Each structure stands twice: as structure tokens, then as C-alpha cells.
Amino acid sequence: MEHPYDEVKLTPASLGCHSVAVQFNAVDCVWRESERSLTGFVAEVWFAELPSKFAIKWAEVVGYAVKVRRVDRGAARFAVSVPCVV
């Protein structure tokens, strides 16, 4: 899947939320730089269907709002940006 920005592909070992994303049927997962996050990075998680439960869960986990947006990139129709916190 092609993404519109530079990214680092995630593996289950490289991002804790990746395994949770898989439980919520994520299509893909990447790290990307973002001015929106306090740490400068967000986990970008892509879904085929509206990921309401995933978005609610990860907003609770990180304590910040997550951004959900509609995209059209192959199998991914929605993307969730989760701020990375330390």
C-alpha cells in the first residue's frame, strides 16, 4: 500500500499498539512525524471500515484526542492518527 508521506513500517515488536490494531482489523500501520503530537510522532493506523472502537480505545489510552479521517488508498478507507506519548 502506498502512503502519501515518508513512513517507517511497523512490526509488532516496534509499536505496542500494532498488536491492538491487528485485533481491531487494521489494514496497515506506520509511524510518521507530526507537529500535532507532543513527541513529534503519531502512529498512523489504516482501516477498511470506520474504526470507532479503535479510536475510542486509543484516545483513552494516550489521554489525547485521536484524529480519524476518510481516505481512499487501496484497501484502506479510514486512517487514525494516534499521538505518541512518553
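Remember, it's a predicted structure, so these values are computed and weren't measured experimentally. Residue indices begin at 1 and follow the sequence shown.
The structure places CZ of Arg77 at 4.5 Å from CZ of Arg70, a figure rounded to the nearest 0.5 Å. The structure places CZ of Arg32 at 10.0 Å from SG of Cys84, a figure rounded to the nearest 0.5 Å.
Each of Tyr64, Trp58, Phe41 was checked for a side-chain contact (heavy atoms from CB on, under 4.5 Å) with Pro83, and the lone residue meeting it is Tyr64.
Note: the hydrophobic cluster containing Phe54 also contains Val61 (ILVMFWY, side chain heavy atoms under 4.5 Å, direct or indirect links).
Between Val80 and Trp46, the closest side-chain pair of non-hydrogen atoms is not below 4.5 Å.
Residues satisfying the side-chain contact (heavy atoms from CB on, under 4.5 Å) test with Ala59, not counting sequence neighbours, are Val66. Under the rule for a side-chain contact (heavy atoms from CB on, under 4.5 Å), the partners of Leu50 that lie at least two apart in sequence or sit in another chain are Ser52, Val68, Phe78.
Between Phe24 and Phe47, the distance from one ring center to the other does not fall under 6.0 angstrom.
Between Glu44 and Arg69, at least one side-chain N (NZ, or NE/NH1/NH2) sits under 4.0 Å from a carboxylate O, which counts as a salt bridge.
Closest heavy-atom contact between Val45 and Cys29: CG2-SG, 3.6 Å.
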